[in-house]
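Worksheet: the structure to be examined is printed underneath.
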2 protein chains.
Amino acid sequence: MDRDADRPMYLRVADTLRRRIASGEFQEGDRLPSVPSLATDLGISRSTAAEALKVLISEGLAVARSGSGTYVRLPREPQRMIRAWHRATPYGSPFRQDMERQGREAGWTYKSQTIQAPPEIRDRLGLDEHGGDVEDVVRTDYVFLADGEPVMLSTSWEPLGVTRGTPIVLPEDGMLAGRGVAERMLSIGMPIDDWVEEVAARLGTAEECERLQHPPGSIMVTIQRTYYAGETQVETADIVVPADRFALVYSGKMGRASVSDKLSAGEGA
Amino acid sequence: MDRDADRPMYLRVADTLRRRIASGEFQEGDRLPSVPSLATDLGISRSTAAEALKVLISEGLAVARSGSGTYVRLPREPQRMIRAWHRATPYGSPFRQDMERQGREAGWTYKSQTIQAPPEIRDRLGLDEHGGDVEDVVRTDYVFLADGEPVMLSTSWEPLGVTRGTPIVLPEDGMLAGRGVAERMLSIGMPIDDWVEEVAARLGTAEECERLQHPPGSIMVTIQRTYYAGETQVETADIVVPADRFALVYSGKMGRASVSDKLSAGEGA
DNA sequence: TCGAATTTGTGCGTATGTATC
DNA sequence: GGATACATACGCACAAATTCG
């Protein structure tokens with residue numbers, strides 16, 4: 001093209017498009033110039049024009065719809081998901097409280113099954129090495145919805161050693177269905193008093209991206225949560241949320257030791 | 001190629017390479033087959049072979065070194081960074097404690113300057129709209145090192161309204177240099193009793209990736225931390241860590257409200 | 001319902017520049 | 001310097017999805 005800023009052409013084209021998006025010339029959902037039109041307008045090859053659009057797509061600023069065009073997808077301001085203070089009360093579903101705070105309607109779908117816990121989960125729940133072939137946990141897979149849209153995935157494991165023979169063996173069954181782990185455990189005399197969460201981030205798997213209606217390769221924040229009643233692990237869960245939708249908020253008081261001893265477990269990884 | 005799994009060629013080639021990496025045929029740091037050799041060996045074009053390698057690179061499984069080759073870069077098991085229980089004691093540097101727990105040597109470099117706080121920081125520190133042209137915060141940029149390697153970036157803002165005229169105006173100066181914010185604030189009669197952290201994840205900027213010696217496009221976990229002494233914000237910081245190196249561990253006691261009222265501030269975003 | 005036009009996706013070929021060894 | 005490798009850029013072709021008359 002004209003001047004060479006010593007930067008590859010396709011990056012300069014991407015820069016231009018990014019600026020035009022930032023300027024407001026292209027709004028959320030607008031169609032960006034097509035590959036052929038970019039090529040002729042800028043006097044570059046179609047390959048180079050396509051390369052430039054790929055940059056924006058990889059940055060999450062655009063999505064391509066085959067046969068239709070490439071569309072602007074502005075990153076939404078992430079909502080805050082409070083993961084500490086709502087615990088002041090163990091009653092009700094934390095997720096629902098978070099959504100209500102934002103004025104959104106919370107919902108979820110789930111599927112429970114009784115299985116033998118895999119090794120990593122055994123470790124997190126403090127179960128014995130294995131129990132032969134016996135099924136020893138209830139695994140529940142959740143899809144959480146905000147205003148009907150899927151926004152969070154969660155897989156929860158509860159040891160049967162804790163819940164067997166009680167009315168709350170199945171998390172989403174009976175009187176306390178949908179009320180959250182804390183309230184359910186309290187009802188069987190196992191009040192949750194400690195929690196540990198391990199927060200990380202990674203690219204979402206193809207399945208996760210699809211289930212959360214996100215483009216493949218979206219960044220996910222993951223939480224490994226474990227609940228304790230005294231020295232007993234009563235639940236552990238893997239939670240996945242898209243990083244562009246949620247920021248997690250933790251808070252606490254300085255100078256109060258919390259858990260401490262629970263953290264050495266599973267430290268090996 | 002042979003059978004068509006109805007999947008694009010370049011993805012099938014990427015699958016094969018990914019499997020060979022997973023099987024241990026290629027170890028960390030090994031050189032993957034070059035574009036030309038892949039092309040001739042598999043009977044595909046160089047463009048397609050290059051496309052396949054790009055997939056692995058975008059997944060973070062490999063890095064390309066121009067003129068040399070494409071090398072395996074296995075994701076390291078992230079280390080845990082404890083962000084709650086060390087607060088049991090406000091003495092010393094939290095980062096150093098975390099590194100000592102892992103048997104690594106902690107260090108850092110920094111640069112302090114006195115500036116006028118930008119709007120977002122004013123909000124987080126609860127400062128007035130603006131004070132004309134006056135410099136009202138000390139900004140300190142840190143690079144934290146583990147065994148000499150940069151592993152974490154942090155930018156800290158401390159309001160001069162709190163520290164002016166005290167021996168701790170400059171964080172890394174004087175008797176308490178390198179001892180952490182909590183101990184320094186305590187020394188001037190502003191003991192930190194509350195903290196709030198907002199955790200998110202995003203792609204690293206080019207500068208961040210370079211300073212952390214990571215390939216461009218690496219995922220970063222970001223923390224916006226604010227320290228309170230009573231109702232006064234005494235410090236806020238932007239912390240950036242590569243997601244492939246650290247997972248953050250939070251923990252707490254159920255049924256204890258923490259902070260709560262501090263959270264409504266800055267809720268608007 | 002059908003077909004034509006458009007657009008992205010994939011794959012091929014080539015050429016040149018530049019970094020590494 | 002020479003050989004090798006990746007990075008960029010060009011060209012073309014066809015498939016598949018979408019859109020619209």
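Chain naming here is simple, since letters A, B, ... match the order of the sequence lines and numbering starts at 1 in each.
Contact annotation for A:Ser47: base contact, defined as any heavy-atom pair under 4.0 Å involving a base atom. At the heavy-atom level, B:Arg46 lies under 4.0 Å from base atoms of the strands shown.
Remark: P of D:dT18 and CZ of A:Arg31 are 14 Å apart, rounded to the nearest angstrom. Distance B:Arg7 CZ to D:dA15 C1': 17 Å, rounded to the nearest Å. For the pair A:Leu53 CG and C:dT10 P, the interatomic distance rounds to 14 Å; values are reported in whole Å. Between the NZ atom of A:Lys54 and the P atom of D:dT8 there is a distance of 12 Å, given to the nearest Å. Counting to the nearest Å, the P atom of D:dA17 and the CZ atom of A:Arg65 are 15 Å from each other. A:Ile44 places its CD1 atom 15 Å from the P atom of D:dC12, with the value rounded to the nearest Å. Counting to the nearest Å, the P atom of D:dA7 and the CE atom of A:Met9 are 19 Å from each other. When the C1' atom of C:dT10 is taken as reference, atom CG of B:Leu11 falls 10 Å away, rounded to whole Å.
Residue whose closest nucleotide on DNA chain C sits further toward the 5' end, between A:Pro36 and B:Tyr71: A:Pro36.
Of the listed nucleotides (D:dG11, C:dG11, D:dA17), C:dG11 has the atom at the smallest distance from the side chain of B:Tyr10. Set against C:dT10, C:dT8, D:dT8, the side chain of A:Pro8 has D:dT8 as its closest nucleotide. The side chain of A:Ser68 lies closest to D:dT18, out of D:dT18, C:dT20, C:dG13.
Residues B:Ile219 and A:Arg202 share a closest heavy-atom pair of CD1-C, 3.6 Å.
Of the side-chain N and O atoms in B:Ser34, one or more sit less than 4.0 angstrom from OP1 or OP2 of D:dA5.
In this structure, B:Phe144 and B:Phe95 have tilted ring planes: the angle between them lies in the 30° to 60° band.
The residues B:Arg104 and B:Asp147 are annotated as salt-bridged, a charged nitrogen and a carboxylate oxygen being separated by less than 4.0 angstrom. In this structure, A:Arg73 does not pair ionically with A:Asp30, as no charged nitrogen and carboxylate oxygen lie closer than 4.0 Å.
Side-chain atoms of B:Arg101 come within 3.5 Å of backbone N or O of B:Arg80 as a donor-acceptor pair.
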